[in-house]
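Some notes on the structure that comes next.
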Amino acid sequence: MDLFFEEMDEAGIEIAVVQGRNSPAVFMGKQFNAAFIPNERLAEIQNNYSGRFICFAGIDVSNTVHNAVEETVRSIKSLGLKGIFIEPGRQIQSTPDDERIFPVYEKCIELDIPVNLMSGPYAGADIGVSDPLYVDRLCTRYPELKIILGHGGYPYIQQILGVAFKHTNLYVSPDMYVFAPGGQAYIEAANGALRDQIIYGSAYPLRPITQTVADTLALGLSPESERSYVELNARKLLNI
């Protein structure tokens with residue numbers, strides 16, 4: 001942990017957000033193994049290194065590992081975690097607007113916490129689970145729900161930016177995909193009409209922290225947009 005904090009400090013990172021996982025194995029042309037992090041471990045990290053980490057609970061919306069609504073309540077009220085992370089495309093092989101997840105979303109609204117949705121080319125057995133249509137429908141049904149789209153809906157970049165333009169409760173976090181083909185569109189959005197809805201992410205450990213920060217600062221964001229992207233939008237969303 002000391003070495004990790006050294007790297008955070010070198011990169012100028014004050015607070016890191018850690019995502020929980022309750023992800024079953026899935027085959028996407030090659031096998032992706034299951035990934036599970038106990039929410040108690042996340043609470044331990046958040047509490048033991050106060051001020052450096054904000055942790056999101058990994059919630060299994062299939063209700064296999066736990067009851068999703070009950071675990072959401074426990075993670076927030078008892079463990080003190082600050083949001084939840086779900087993977088519908090892997091957990092129930094479905095899309096974010098599946099009615100089986102509605103009780104979880106409604107509990108998030110009640111608790112006033114954000115939900116981070118897994119998207120991108122590895123969000124499920126095929127990229128169809130990341131079609132922005134489903135996020136659009138979810139935002140329409142729950143305009144009070146604070147939604148973070150992890151991996152930025154890639155590769156449906158223009159479409160997801162259109163959904164964010166339509167729905168101010170949607171925050172797009174392209175993380176490492178800002179450097180992928182077509183990723184410049186995220187920066188154009190952050191420099192323009194979506195300045196308040198595009199959020200930095202590192203996708204660590206898929207990319208080194210210091211490299212990702214250095215590459216981010218070279219993306220050509222205006223000073224105002226850069227501060228919104230790497231700090232202010234997340235502070236507002238997480239109430240810090």
ask   = Among the clusters formed by ILVMFWY side chains lying less than 4.5 Å apart, do M28 and V129 turn up in the same one?
value = no
inquiry  = Any heavy-atom pair between the side chains of K146 and D112 that's under 4.5 Å?
reply    = yes
key: ILVMFWY network linking I76 to V104, side-chain heavy atoms under 4.5 angstrom   = yes
ask   = When you measure from the side chain of Q159 to the backbone N and O of P132, does any donor-acceptor pair fall under 3.5 Å?
value = no
request  = Kindly work out whether a path of hydrophobic side-chain contacts (I/L/V/M/F/W/Y, heavy atoms less than 4.5 Å apart) joins I45 to L79.
outcome  = yes
ask   = Salt bridge or not for E40 and R74, using N-O below 4.0 Å?
value = yes
query = Taking atom types as modelled and ignoring hydrogens, do the side chains of N39 and E71 form a donor-acceptor contact shorter than 3.5 angstrom?
reply = yes
task = Any chance you could measure N233, atom CG, to I198, atom CD1, to the nearest 0.5 Å?
result = 8.5 Å
task = Could you tell me whether the side chain of Q46 reaches within less than 4.5 Å of the side chain of L81, counting heavy atoms only?
result = yes
inquiry  = Looking at L221, is its backbone amide N or carbonyl O close enough to the side chain of S225 to form a donor-acceptor pair, meaning the two atoms are under 3.5 Å apart?
reply    = no
query = For the side chain of S75 and the backbone of A57, is there at least one donor-acceptor N/O pair under 3.5 Å apart?
reply = no
query = Are V65 and I84 grouped together when hydrophobic residues (ILVMFWY) are joined by side-chain heavy atoms under 4.5 angstrom apart?
reply = no
key: Between CD1 on residue I148 and OG on residue S119, distance to nearest 0.5 Å   = 11.5 Å
task = Identify whether the distance between the nearest side-chain nitrogen and carboxylate oxygen of R141 and D97 falls below 4.0 Å.
result = no
key: Partner residues of F5 under the ring-ring contact (aromatic ring centres under 6.0 Å, His included) criterion, sequence neighbours left out   = Y49, F53
inquiry  = Salt bridge or not between D9 and R52? Use side-chain N to carboxylate O under 4.0 Å.
reply    = yes
ask   = What about I113 and F102, same hydrophobic cluster or not, with Ile/Leu/Val/Met/Phe/Trp/Tyr joined at side-chain heavy-atom distances under 4.5 Å?
value = yes
ask   = Are the side chains of R195 and Y229 in touch, meaning some heavy atoms are under 4.5 Å apart?
value = no
task = For the pair Y186 and Y177, evaluate ring pair (Phe, Tyr, Trp, His ring centres under 6.0 Å) and give the outcome as yes or no after the intermediate values.
result = CA-CA 9 Å; Y186 294 119; Y177 290 102; 8.3 Å; no
message = Regarding E231 and Y200, do their side chains bring together a donor and an acceptor under 3.5 Å, going by distance alone?
response = no
query = Would you say the ring centroid of Y122 lies under 6.0 angstrom from that of Y154?
reply = no
query = When rounded to the nearest 0.5 angstrom, what distance separates CD1 in I160 from CG in L149?
reply = 5.0 Å
query = Side chains of D60 and H66: do they bring a donor and an acceptor to under 3.5 Å?
reply = no
key: Side-chain heavy-atom pair V115, L145 within 4.5 angstrom cut-off   = yes
inquiry  = Does this structure show an ion pair linking D215 with R207, if we count only N-O contacts that are shorter than 4.0 Å?
reply    = yes
ask   = Side chains of I59 and N22: does their closest heavy-atom pair fall under 4.5 Å?
value = no
